Amino acid sequence: MADLYGSHLFRESDFMTIASFGPQTHMCVGLLGGSFNPAHQGHVYISEMALKQMGLDQVWWLVSPQNPLKSKKGMAPLEKRVKTAAQVVKNPKIRITALETRLGTRYTADTLKALHMRYPNIRFVWIMGADNLATFHRWKDWQVIFNMCRIAIYHRPTYALKALSSITAQRFRNKRLPARMAPVLKQKDNGNWIFLPIRGNTLSATEIRNRLEHKE
């Protein structure tokens with residue numbers, strides 16, 4: 001098997017890959033990016049809700065080598081984070097990948113450009129929590145990102161007001177669709193986005209890391 005994840009070798013029997021998808025593949029795929037440090041049931045919950053609410057064919061987790069906006073301190077090695085994610089996920093429609101390492105990209109805008117070139121017939125929906133929308137204007141080429149795919153924002157406790165009054169939400173307020181249109185978001189043009197007020201999941205990777213540290 002080829003080295004799908006950069007300098008680390010992963011056995012295909014252990015990790016789901018997307019290597020078999022060619023440029024002619026027609027699918028609707030949700031992209032959930034992040035450090036996954038570690039992956040937890042909150043990530044799974046959002047992914048499964050996205051599959052159900054938007055009728056996606058798959059959700060790909062993009063396990064980032066290093067989030068440019070997060071400190072390297074306390075960041076587990078990429079291989080460990082991918083393995084942990086694979087242990088958490090049971091749904092075959094959720095694919096664990098380290099695509100950014102494979103593509104040689106660091107920023108979301110660059111990753112999306114590379115994915116569009118590799119899979120021109122796949123419709124992508126970027127999935128993220130309301131906490132990310134609140135600070136999205138700090139991302140590199142944030143306005144470009146919004147115009148490169150459809151975006152689904154999931155509610156997180158205490159973040160709804162900050163998210164919906166954020167710079168990004170105000171900049172793209174005319175592109176926001178009502179929650180009832182979630183099933184057809186994948187058919188809309190890039191730049192359209194939706195806020196889905198699902199049951200909030202308070203679990204966070206930071207909380208899990210703190211619990212693990214106290215046990216040691």
Side-chain angles (χ1 to χ4, degrees), residues 28-37 39-56 58-64 67-71 94 100 106-113 115-116 123-210:
C28 294
V29 172
L31 300 173
L32 182 64
S35 300
F36 296 94
N37 187 42
H40 53 74
Q41 288 302 317
H43 296 127
V44 175
Y45 174 63
I46 286 179
S47 300
E48 293 188 331
M49 289 301 294
L51 287 166
K52 179 180 179 180
Q53 292 180 313
M54 293 183 283
L56 302 177
Q58 294 183 354
V59 170
W60 298 352
W61 286 12
L62 307 181
V63 184
S64 172
N67 186 327
L69 296 179
K70 291 187 177 181
S71 171
I94 302 175
E100 288 181 317
R106 183 184 181 194
Y107 297 99
T108 299
D110 297 328
T111 300
L112 286 172
K113 289 176 185 176
L115 287 175
H116 280 304
R123 288 174 169 258
F124 290 110
V125 177
W126 185 262
I127 302 167
M128 62 183 180
D131 54 325
N132 283 316
L133 180 62
T135 58
F136 196 76
H137 60 282
R138 294 172 53 197
W139 292 31
K140 180 178 180 290
D141 296 330
W142 61 279
Q143 297 187 61
V144 174
I145 295 171
F146 240 77
N147 286 309
M148 288 181 67
C149 58
R150 304 139 196 90
I151 297 182
I153 313 295
Y154 277 95
H155 166 73
R156 285 197 66 182
T158 75
Y159 281 101
L161 181 59
K162 289 182 181 179
L164 295 176
S165 61
S166 67
I167 292 174
T168 305
Q170 293 305 305
R171 168 65 179 81
F172 293 98
R173 61 184 180 277
N174 293 332
K175 289 284 190 176
R176 182 185 172 188
L177 301 176
R180 67 176 184 276
M181 294 188 70
V184 298
L185 177 64
K186 62 188 178 184
Q187 300 168 11
K188 298 297 182 179
D189 292 336
N190 290 337
N192 284 284
W193 65 285
I194 197 165
F195 184 88
L196 297 170
I198 59 172
R199 173 179 61 83
N201 191 311
T202 59
L203 195 63
S204 72
T206 301
E207 182 181 354
I208 293 174
R209 288 198 303 275
N210 291 336

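For the single chain, residues carry numbers from 1 onward in sequence order. Everything numeric here is computed off the predicted structure, so don't read it as measured data.
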Under 3.5 Å, side chain of Arg171 to main-chain N/O of Thr168, donor-acceptor pair present? no

Rounded distance [0.5 Å steps], NE2 in His137 versus CH2 in Trp142: 8.0 Å

Side-chain contact test, heavy atoms from C-beta onward, threshold under 4.5 Å: evaluate it for Val44 versus Trp61 and give yes or no. yes

Nearest-0.5 Å distance that lies between atom CD1 in Ile127 and atom CE in Met54: 4.5 Å

Hey, could you give me the CD/CD1 distance between Gln143 and Ile167, rounded to the nearest 0.5 Å? 10.0 Å

Treating Arg150 as the side-chain partner and Val125 as the backbone partner, does any N or O pair qualify as donor plus acceptor under 3.5 Å? no

I want to check something: taking the side chain as every heavy atom from C-beta on, are Leu62 and Thr108 in contact at a cut-off of under 4.5 Å? no

Of the non-hydrogen atoms in Leu161 and Ser165, which two are nearest, and what is the gap between them? O-OG, 2.7 Å

For the residue pair Val59 and Ala50, what are the closest heavy atoms and their distance? CG2-CB, 4.4 Å

Would you name the heavy atoms of Ala169 and Leu164 that are closest together and state the gap between them? CB-O, 3.6 Å

Mark yes when over 12 heavy atoms from residues, nucleotides or ligands other than Lys140 sit less than 6.0 Å from its NZ; otherwise mark no. yes

Could you check Phe124 against His116 for side-chain contact (heavy atoms from CB on, under 4.5 Å), going step by step and ending with a plain yes or no? CA-CA 9 Å; Phe124 290 110; His116 280 304; 3.9 Å; yes

Apply side-chain contact (heavy atoms from CB on, under 4.5 Å) to residues Val144 and Trp139 and explain how you reach the verdict. CA-CA 10 Å; Val144 174; Trp139 292 31; over 6 Å; no

d(Leu31 CG, Gln58 CD) to nearest 0.5 Å is 11.0 Å

Could you tell me whether the side chain of Gln53 and the main chain of Glu48 form a donor-acceptor pair under 3.5 Å? no

Start with the C-alpha distance between Asn190 and Asn147, add both sets of side-chain angles, then the distance that settles side-chain contact (heavy atoms from CB on, under 4.5 Å), and finish with yes or no. CA-CA 5 Å; Asn190 290 337; Asn147 286 309; 5.8 Å; no

Looking only at heavy atoms, which two atoms of Ser47 and Leu32 are closest? And how far apart? OG-CD2, 3.5 Å

Mind checking the CG-CE spacing from Leu185 to Met181? Nearest 0.5 Å is all I need. 8.5 Å

Mind running side-chain contact (heavy atoms from CB on, under 4.5 Å) on Tyr154 and Tyr45 for me, showing each step along the way? CA-CA 11 Å; Tyr154 277 95; Tyr45 174 63; over 6 Å; no

Nearest heavy-atom contact between Phe195 and Ala179 is O-CB, 3.8 Å

Answer yes or no: is there a donor N or O on one side and an acceptor on the other, between the side chain of Lys186 and the main chain of Arg123, under 3.5 Å? no

Indicate the ring-plane relationship of Phe146 and Phe172, choosing parallel, tilted or perpendicular according to the 30° and 60° boundaries. parallel

As an exercise, state the distance from CG of Leu133 to CD1 of Ile153, rounded to the nearest 0.5 Å. 4.5 Å

